[in-house]
Amino acid sequence: MLFNLILFGPPGSGKGTQSQLIIDHYQFTHLSTGDMLRSEIERRTPLGLEAKKFMDRGALVPDEVVIAMISSQLDARADAKGFIFDGFPRTTAQARALDKLLALKSTAIHLVLLMEVPEEELIKRLLLRGQTSGRTDDASEEIIRARIAEYYNKTSPVADYYAQQHKLQAIPAVGTVEEVFNRIRQQIDKRFAELTSHPVSPDQRS
Ligand SMILES: Nc1ncnc2c1ncn2[C@@H]1O[C@H](COP(=O)(O)OP(=O)(O)O)[C@@H](O)[C@H]1O
Ligand SMILES: [Mg+2]
């Protein structure tokens, strides 16, 4: 079966780092809207130039832009064993749009992992990443704080959306990269076993 996973959490919580380990282990296809947008900016496409205005001040890029990118990637990667959505959805409008796109393909989100890291640790990690990543949105503490505020205002409500669907699992995302990955692997394997071992009746959904 196709397994669809959302890695959810504030900037700096380790979504990109853990996505790489998940891909190596499960051969899922990584869909990072941040990576897609940075590639558009690098290639100076019209979409990239528009997106840059938002990203440079730590704001979210408009919903319709990222939804269109995800939609075209879902079509382009029809052979995938599973998808990891990294950094998407970031608003409840995006979450609803994603549910519709997946329903059209007779699939759904199976698991949402909420990466939990204290705010001061996030800032420390992002300032450190900024020294090597070349990412303009990691360059100053001011932009980093704006991104974290944007996350708490617009993105964290998306967690409630998935909690209501009984799909949300919190992951303590501090400790070594390996420790965090082991926690993630346990949750994926557990969910996968539930989905494949027996038909899921409504009262068994978790
Ligand atoms: N478990 C961890 N412990 C310490 N640093 C981490 C951990 N996971 C990721 N990082 C570091 O934090 C920064 C942000 O990680 P990243 O995966 O890019 O986060 P996100 O994609 O959620 O913004 C990176 O510099 C990364 O090396
Ligand atoms: Mg990332």
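Remember, it's 1-based here, ligands and their atoms both numbered in the order they're listed. Along the sequence shown, the residues carry numbers beginning at 1. This is a predicted model, so every value here is computed, not measured.
Residue P10 comes nearest to M115 through the heavy atom pair CD-O, 3.5 Å, listed as atom of the first residue, atom of the second, then distance.
The shortest contact between atom 1 (N) of ligand 1 and any protein heavy atom is with G175 O, 3.1 Å. Ranking the protein heavy atoms by distance from atom 23 (O) of ligand 1 puts G12 N, 2.8 Å first. Protein heavy atom nearest atom 15 (O) of ligand 1, with residue, atom name and distance: T17 OG1, 3.7 Å. When only non-hydrogen protein atoms are considered, atom 19 (O) of ligand 1 lies nearest to G14 N, 3.2 Å. Residue, atom and distance of the protein heavy atom nearest to atom 4 (C) of ligand 1 are R125 NE, 3.6 Å. Looking from atom 16 (P) of ligand 1 to the surrounding protein, the closest heavy atom is R129 NH1, 3.4 Å. Remark: minimum distance from atom 21 (O) of ligand 1 to any protein heavy atom is reached at G16 N, 2.9 Å.
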Between D63 and R96, does a salt bridge (charged side-chain N to carboxylate O under 4.0 Å, His left out) hold up when you go through it step by step? CA-CA 11 Å; D63 287 341; R96 277 189 235 104; over 6 Å; no
Kindly determine whether E40 and K52 satisfy salt bridge (charged side-chain N to carboxylate O under 4.0 Å, His left out), including the steps that lead there. CA-CA 9 Å; E40 298 278 345; K52 190 174 188 310; over 6 Å; no
Run the salt bridge (charged side-chain N to carboxylate O under 4.0 Å, His left out) check on R129 and D137 step by step: do they pass? CA-CA 10 Å; R129 184 173 75 181; D137 58 349; 5.4 Å; no
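P11 has its side chain out of reach of I144: every pair of non-hydrogen atoms, C-beta onward, lies at least 4.5 Å apart.
Residue S133 does not touch ligand 1, judged by heavy-atom distances below 4.0 Å.
Contact atoms of ligand 1 toward P11: 23 (O) (distance under 4.0 Å to a heavy atom of the residue). Counting atoms of ligand 1 from 1 in the listed order, those under 4.0 Å from a heavy atom of P10 are 22 (O).
Note: F28 and F83 fail the aromatic proximity criterion, with ring centroids not under 6.0 Å apart.
Taking any N or O of E121, backbone or side chain, none lies under 3.5 Å from an N or O belonging to ligand 1. Polar contact check, L126 against ligand 1: no nitrogen or oxygen pair lies under 3.5 Å apart.
Residue contact annotation: S32 has no non-hydrogen atom under 4.0 Å from ligand 1. Residue contacts with ligand 1: G9 is excluded, as none of its non-hydrogen atoms falls under 4.0 Å. The shell of residues lying under 4.0 angstrom from ligand 1, judged by heavy atoms, includes V177.
Atom NZ of K124 has 12 or fewer heavy atoms from other residues, nucleotides or ligands within 6.0 Å.
With hydrogens and angles disregarded, no donor-acceptor distance shorter than 3.5 Å links the side chain of S71 to the backbone of I67. Between the R183 side chain and the P172 main chain, a donor and an acceptor come within less than 3.5 Å of each other.
Side chain to side chain, D99 and Q165 meet the donor-acceptor criterion of an N or O pair below 3.5 Å.
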